[in-house]
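The block underneath contains the structure these notes are about, expressed in structure tokens.
Being a predicted model, the structure only gives us computed values, none of them experimental.
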Amino acid sequence: MIIERLSREHRNIEMLLAVLERELEIFDRGGHPDYEVIRAIISYFELYPELYHHPQEELVFAKLSFEIQPRRQGLAI
């Protein structure tokens with residue numbers, strides 16, 4: 001289901017951010033981070049969300065909006 005996939009992707013994003021944070025901490029301590037890992041994570045964030053993840057979220061939001069709209073019409077808001 002789409003919600004499960006989006007939730008899984010959000011968990012993956014959290015993991016990638018944790019890896020990026022560890023690499024940046026290595027850099028801050030004067031160490032040598034894995035620049036290939038950093039580059040791959042940045043590349044992922046530049047491409048994947050906009051091309052694949054956000055369009056799926058938009059479908060969910062559109063569906064929710066469509067489902068909620070008739071209910072709002074019956075309410076005095």
* Asked: Quick one: are Q56 and H53 in side-chain contact, heavy atoms under 4.5 Å?
  -> no
* **Side chain to side chain, V60 and L64, heavy atoms closer than 4.5 Å** => yes
* **Nearest heavy-atom neighbours spanning P33 and I26** => N-CG2, 3.6 Å
* Are I13 and F61 grouped together when hydrophobic residues (ILVMFWY) are joined by side-chain heavy atoms under 4.5 angstrom apart? -> no
* **I41 versus L16, closest heavy-atom pair with distance** => CD1-O, 3.6 Å
* Is the OH atom of Y35 crowded by more than 12 outside heavy atoms at less than 6.0 Å? -> yes
* Asked: Do V37 and M15 sit in the same hydrophobic cluster, where Ile, Leu, Val, Met, Phe, Trp and Tyr count as joined when their side-chain heavy atoms come under 4.5 Å apart?
  -> no
* Structure fact -> The reported gap from CZ in R8 to CD1 in I3 (rounded to nearest 0.5 angstrom) is 12.0 Å
* Using salt bridge (Lys or Arg N to Asp or Glu O under 4.0 Å) as the criterion, list what pairs up with R39, not counting sequence neighbours. => E36
I'd like a table of donor-acceptor pairs (distance under 3.5 Å, sequence neighbours excluded) in which one partner is a side-chain atom from residues 42-51, with atom names and distances.
residue, atom, partner, partner atom, Å
Y48, OH, E9, OE2, 2.7
E50, OE1, H54, ND1, 3.1

* To do: Quick one: list whatever passes salt bridge (Lys or Arg N to Asp or Glu O under 4.0 Å) with R22, sequence neighbours left out.
  => none
